[in-house]
Number of protein chains: 2
Amino acid sequence: MNAGRTARERARAELTEEIKTAAREQLATVGAEALSLRAISRELGMVSSALYRYFASRDELLTALIIDAYDALGEAAEAAASGGDPVDEWIAIYAAVRDWARANPQEYALIYGSPISGYQAPQTTVQPASRVPLLLLGLLQRAQASGRLVTPPEAPAPSGVLAQQTEVLVALAPDVPPAVLVRTVIVWTQLFGMLSFELFGQLVGTMDPADEFFASASRQMAAFVGLS
Amino acid sequence: MNAGRTARERARAELTEEIKTAAREQLATVGAEALSLRAISRELGMVSSALYRYFASRDELLTALIIDAYDALGEAAEAAASGGDPVDEWIAIYAAVRDWARANPQEYALIYGSPISGYQAPQTTVQPASRVPLLLLGLLQRAQASGRLVTPPEAPAPSGVLAQQTEVLVALAPDVPPAVLVRTVIVWTQLFGMLSFELFGQLVGTMDPADEFFASASRQMAAFVGLS
DNA sequence: ACAGAACCGAGAGCAGTGCTCTTGACAGTG
DNA sequence: CACTGTCAAGAGCACTGCTCTCGGTTCTGT
């Protein structure tokens with residue numbers, strides 16, 4: 001790195017990173033909606049207006065943080081993908097996603113919580129956002145190839161609009177039967193619903209702490225999609 | 001109604017309701033985090049400081065809105081509980097929850113989205129918040145009594161901490177086997193994960209519009225907990 | 001019936017916010 | 001050297017939640 005030519009460009013790249021770091025610190029303490037450009041600038045010893053040389057608006061800073069968060073989560077999940085036993089790998093990915101979410105609750109809320117009002121996520125975010133689902137699809141595709149994926153007999157084959165919608169997923173994991181693909185979306189939503197409930201305090205009083213519950217759910221969801 | 005004694009008390013109750021109505025309108029247009037007391041007061045033709053006679057703080061107003069939202073959702077779900085065929089009723093409840101969420105996305109985000117930074121939900125919210133899960137538990141309890149609930153053979157009986165945590169739920173639905181109770185929490189998280197993904201735009205590009213997917217998931221989750 | 005207490009809305013004011021615009025200094029390039 | 005583009009700074013605008021004080025109204029106990 002630091003292949004930037006001029007001193008100006010290098011300084012600019014460094015300061016951009018410093019701003020994001022300070023923003024992430026603020027994110028962790030006060031949350032996304034209370035993220036203040038002035039507070040960031042104060043921490044960096046500069047004046048608030050100077051930040052606008054680096055990020056055109058608060059929203060643009062948020063977009064950068066969102067993309068970084070998706071990438072960090074994707075990286076954590078991918079690092080847990082051993083390529084070994086499909087069920088073990090599935091559970092390892094689940095655990096990695098949960099660990100990341102618990103370690104970075106505000107960044108998790110930023111990407112999987114309620115959308116920030118007035119903020120429209122640009123198209124740039126969809127690629128980083130799809131890293132985790134793609135990882136799970138890839139796992140299923142490989143499991144199918146090695147005969148470790150059995151289509152549950154009670155899983156109904158999608159028809160109508162649903163069949164049409166699964167086409168997108170079929171293109172990504174052609175060997176995985178459509179019924180399993182629908183179930184993959186179900187467990188995908190389950191995973192993040194479970195995490196949101198845990199992090200946002202919806203489980204307090206019942207399944208909190210959720211370690212055991214999460215472990216049980218991981219296993220049962222692996223079985224639900226047909227992994228064995 | 002209007003059994004309030006003095007004119008002052010009646011006026012106060014009415015104005016409190018008007019404030020909440022105006023707040024809900026604002027909620028629907030600009031979202032929870034941009035909810036502004038000054039804007040509400042402007043709409044009501046009064047001065048911002050006057051609102052503090054009715055709600056001690058913005059947080060207190062939010063708490064009132066949160067409780068109202070939980071109650072509205074609970075009421076919608078309970079209205080859909082026919083008491084007839086368990087599977088039909090299960091699916092009807094799911095549909096009612098989704099309909100309410102789609103009709104009131106900002107109120108949904110208020111209760112199931114990321115927590116508002118600096119805001120601590122008081123104990124008062126947990127009773128209204130538990131109406132939907134209690135409804136599902138009651139349904140399962142009745143289904144068990146009428147022999148329409150079969151414990152899925154592959155469902156592992158909880159042990160350790162998990163068994164201990166299910167005690168709370170066993171107290172509410174004593175006839176439902178613990179393995180099914182754990183699965184109930186799984187589908188509970190799945191339901192709201194699915195709704196959050198649909199409302200927060202995470203499904204765009206795949207399962208959106210989610211009508212068919214939602215219908216399929218409702219049915220599969222009913223089967224997953226053992227309803228037949 | 002009337003005094004005192006309780007309640008009410010209005011207004012000014014504080015400290016904070018995102019964002020814009022202008023100004024003057026500096027670095028990189030011809 | 002001169003020019004061009006970039007930079008941080010500062011003032012300012014319109015907004016926020018919240019506090020306090022000020023008079024006026026309404027209720028309540030005697």
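A note on names: the letters A, B, ... follow the listed sequences, proteins ahead of strands, and every chain is numbered from 1.
- Residues from residues 15-30 of chain B that place a heavy atom under 4.0 Å from any atom of DNA chain D: there are none.
- Applying the side chain to side chain donor-acceptor pair (under 3.5 Å) definition to pairs two or more places apart or across chains, none involves residues 42-53 of chain A.
- Every side-chain hydrogen bond (donor to acceptor under 3.5 Å, both in side chains) that Y70(A) has, sequence neighbours left out, goes to Q202(B).
- One interatomic measurement links the two molecules: CG of L51(B) to C1' of dC7(C), which rounds to 16 Å at whole-angstrom precision.
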If you look only at distance, which donor and acceptor atoms sit under 3.5 Å apart when one is on a side chain in residues 213-220 of chain B and the other is two or more places apart or in another chain?
{"residue": "S216(B)", "atom": "OG", "partner": "Q220(B)", "partner atom": "NE2", "Å": "3.1"}
{"residue": "S218(B)", "atom": "OG", "partner": "F214(B)", "partner atom": "O", "Å": "2.6"}
{"residue": "Q220(B)", "atom": "OE1", "partner": "R183(A)", "partner atom": "NE", "Å": "2.7"}
{"residue": "Q220(B)", "atom": "OE1", "partner": "R183(A)", "partner atom": "NH2", "Å": "3.3"}

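- Rounded to whole Å, atom P of dG28(C) lies 10 Å from atom CD of E9(A).
- Between the side chain of R53(B) and the base of dG9(C), a donor-acceptor pair under 3.5 Å is found.
- A77(A) pairs by the side chain to side chain contact (heavy atoms under 4.5 Å, CB included) definition with I93(A), V97(A), V132(A), L135(A), not counting sequence neighbours.
- Using a 4.0 Å heavy-atom cutoff across all strands shown, F55(A) reaches no nucleic acid atom at all.
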Would you list the atom pairs, donor with acceptor, under 3.5 Å between side chains in residues 160-168 of chain B and any protein atom, with sequence neighbours excluded?
{"residue": "Q165(B)", "atom": "NE2", "partner": "P209(A)", "partner atom": "O", "Å": "2.8"}
{"residue": "T166(B)", "atom": "OG1", "partner": "L162(B)", "partner atom": "O", "Å": "3.4"}
{"residue": "T166(B)", "atom": "OG1", "partner": "A163(B)", "partner atom": "O", "Å": "2.6"}

**OP:** Evaluate the criterion side chain to side chain contact (heavy atoms under 4.5 Å, CB included) for residue pair I40(A) and F55(A); output intermediate values, then yes/no.
**Re:** CA-CA 12 Å; I40(A) 295 171; F55(A) 296 96; over 6 Å; no
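- Legend: residues meeting side chain to side chain contact (heavy atoms under 4.5 Å, CB included) with T124(A), ordered by chain and number and at least two apart, are I67(A), P122(A).
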Distance-only check: which donor-acceptor pairs under 3.5 Å involve side-chain atoms of residues 27-39 of chain A, not counting sequence neighbours?
{"residue": "T29(A)", "atom": "OG1", "partner": "E25(A)", "partner atom": "O", "Å": "3.3"}
{"residue": "T29(A)", "atom": "OG1", "partner": "Q26(A)", "partner atom": "O", "Å": "3.0"}
{"residue": "S36(A)", "atom": "OG", "partner": "R38(A)", "partner atom": "N", "Å": "3.2"}
{"residue": "S36(A)", "atom": "OG", "partner": "A39(A)", "partner atom": "N", "Å": "2.9"}

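- Across all non-hydrogen atoms, the minimal contact from V187(A) to T184(A) is CG2-O, 3.1 Å.
- Extent of DNA chain D lying under 4.0 Å from chain B heavy atoms, first and last nucleotide in 5' to 3' order, is dT16(D) to dT28(D).
- For the ring pair (Phe, Tyr, Trp, His ring centres under 6.0 Å) test, residues two or more places apart in sequence or in another chain that qualify with W90(B) are Y94(B).
- For the pair R8(B) CZ and dA6(C) P, the interatomic distance rounds to 11 Å; values are reported in whole Å.
- Applying a 4.0 Å cut-off to non-hydrogen atoms, the residues of residues 39-50 of chain A that approach DNA chain D are M46(A), V47(A), S49(A), A50(A), listed by residue number.
- R10(B) places its CZ atom 16 Å from the C1' atom of dC7(C), with the value rounded to the nearest Å.
- R58(A) places its CZ atom 12 Å from the C1' atom of dC19(C), with the value rounded to the nearest Å.
- Taking A72(A) as the reference, W100(A) meet the side chain to side chain contact (heavy atoms under 4.5 Å, CB included) condition, with sequence neighbours excluded.
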